[in-house]
Structures are given as structure tokens and as C-alpha cells.
Amino acid sequence: LYPEMARQIVQRGHALGNEGFSHTRLLPLLSPSSLKRETELGSQAIYGATGATSNLFRPPSGYKTPWMLEELRQKGYLVVMWDVSPYTWAPLKTSSFNMSNLEKAKPGSIVLLRAARDKAGWETESNLPQIIEALQDRGYRLVTVPQLLASGQGIALPDGIQPQIESK
């Protein structure tokens with residue numbers, strides 16, 4: 001929906017990942033052919049807007065199934081999840097921003113930040129300077145997911161830091 005925003009993201013050196021074309025939370029329930037169509041259309045939209053390709057995939061809202069993960073892996077995607085989110089989500093309600101959630105960050109953490117044109121996106125934009133400062137004050141260096149993967153650093157998961165997993 002926002003190709004100029006996508007172009008700016010890439011031009012500024014940030015990474016984009018596929019979330020499926022329609023960004024549906026029902027993605028894990030789709031048939032393999034529908035999942036393939038969603039990822040292909042998402043990749044085409046990213047490429048059309050930016051000229052860039054990506055093998056990163058973030059399941060919308062974090063919903064996933066084992067078969068979906070296997071389908072994505074077979075298509076060459078690396079599924080990226082997060083272990084820290086400053087949003088407090090409640091079913092059928094909008095998000096609320098909670099800076100104290102950033103205290104859960106640890107080396108290798110992936111922080112979920114939304115850039116969408118919705119309440120969560122506006123919360124991110126208005127709080128971004130404080131988010132960056134809070135993490136840097138704790139000694140963290142902010143990098144893109146591809147930079148984190150290339151570093152060989154373990155990736156933090158809710159249950160602890162896991163070794164890096166290579167994408168096939």
C-alpha cells in the first residue's frame with residue numbers, strides 16, 4: 001500500500017521482509033498453493049516498489065504452523081520472529097505501547113516495531129527516539145536482521161539465546 005515508504009526503508013539501509021501480500025492472520029490456515037501465491041505476490045510487490053529481494057518472512061501477528069514453516073523453508077525463506085515487543089496486545093483491541101517491555105531485550109534480541117499506518121505504527125513513530133535511546137543506554141547496537149544473522153551472534157528467543165540457524 002505504501003511503495004514510497006518501502007523505497008525509503010531500503011534506501012536508508014534497512015531490511016524488508018515478506019509478510020504475504022494480504023498480510024492475513026489466516027496465513028497458517030491457507031493451502032500450500034494459496035500460501036505460495038501470497039508469498040509470490042508479496043515478493044513481487046516488494047521488488048516492484050524497491051527493486052530489492054528478500055528471503056526473510058515474518059508471519060503476520062506471529063501466527064504460524066509447522067507445515068507453513070516447512071513450506072516457507074522449502075521456498076527458501078528464513079522465518080523471522082521477535083522476542084521483544086513494546087506493544088501490549090489484547091484480542092479485538094488496539095495495541096498500547098509499553099516502553100518497559102524493552103527491558104526484556106538481551107543480546108541477539110529481535111524487537112518488533114510496526115511501521116504500518118495504524119495505531120501501533122503511529123505509536124512506534126512517536127516513541128522511536130526513546131526506543132533507540134533506551135536500548136543504546138543499555139549498551140545495545142541496533143542492526144538489521146541480515147546483519148544480525150551475518151554476525152554469527154546467537155539469536156535471542158523467549159527461552160534463551162539459540163545458535164544461528166542457516167537458511168537453505
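The first residue in the sequence is number 1, and the count goes up from there. As the structure is a prediction and not an experimental result, all values here were calculated from the model.
- I131 and L148 fall within a single hydrophobic cluster, where Ile, Leu, Val, Met, Phe, Trp and Tyr side chains are chained together by heavy-atom contacts under 4.5 Å.
- Annotation: side chain of L56 is in contact with side chain of P146 (closest heavy-atom distance under 4.5 Å).
- Within 6.0 Å of the CZ atom in F21, the count of heavy atoms belonging to other residues, nucleotides or ligands does not exceed 12.
- Connection of M81 to L149 is established within a shared hydrophobic cluster, with ILVMFWY side chains joined at heavy-atom distances below 4.5 Å, either directly or through further cluster members.
- Inter-residue side-chain proximity for V111 and P86 is flagged as met; some heavy-atom pair is nearer than 4.5 Å.
- Taking S100 as the reference, N98, E103 meet the side-chain contact (heavy atoms from CB on, under 4.5 Å) condition, with sequence neighbours excluded.
- Y63 and T24 share no side-chain donor-acceptor pair at under 3.5 Å.
- Between the CG atom of L102 and the CG atom of D137 there is a distance of 11.5 Å, given to the nearest 0.5 Å.
- Remark: side-chain polar atoms of R58 are not paired, donor with acceptor, to backbone N or O of L112 under 3.5 angstrom.
- Applying the salt bridge (Lys or Arg N to Asp or Glu O under 4.0 Å) test to pairs two or more places apart or on separate chains, those with a residue in residues 33-54 are K36-E40.
- Between the side chains of S109 and D83, at least one donor-acceptor pair of N or O atoms lies under 3.5 Å.
- Considering NZ of K75 and CG of N18, their distance stands at 12.0 Å, rounded to 0.5 Å.
- For the 3.5 Å distance criterion, the side chains of T50 and R7 fail to qualify, holding no donor opposite an acceptor.
- In this structure, CD in E19 is found 13.0 Å from OG1 in T39, a value given to the nearest 0.5 Å.
- Counting all heavy atoms, side chain and backbone alike, Q153 lies closest to G108 at NE2-N, 3.7 Å.
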Checklist entry - Going through the distances and angles, do R141 and V143 end up as a side-chain contact (heavy atoms from CB on, under 4.5 Å)? => result CA-CA 6 Å; R141 184 171 58 94; V143 299; 3.3 Å; yes

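- When hydrophobic clusters are built by joining Ile, Leu, Val, Met, Phe, Trp and Tyr residues whose side-chain heavy atoms come closer than 4.5 Å, directly or via intermediates, L29 is not grouped with L27.
- Taking CD of E71 as the reference point, atom OH of Y77 lies at 12.5 Å (rounded to 0.5 Å).
- Note on Y140 and M99: same hydrophobic cluster, where clusters join Ile, Leu, Val, Met, Phe, Trp and Tyr whose side-chain heavy atoms are under 4.5 Å apart, directly or indirectly.
- In the hydrophobic cluster analysis, where Ile, Leu, Val, Met, Phe, Trp and Tyr join through side-chain heavy atoms closer than 4.5 angstrom, I46 is grouped together with Y2.
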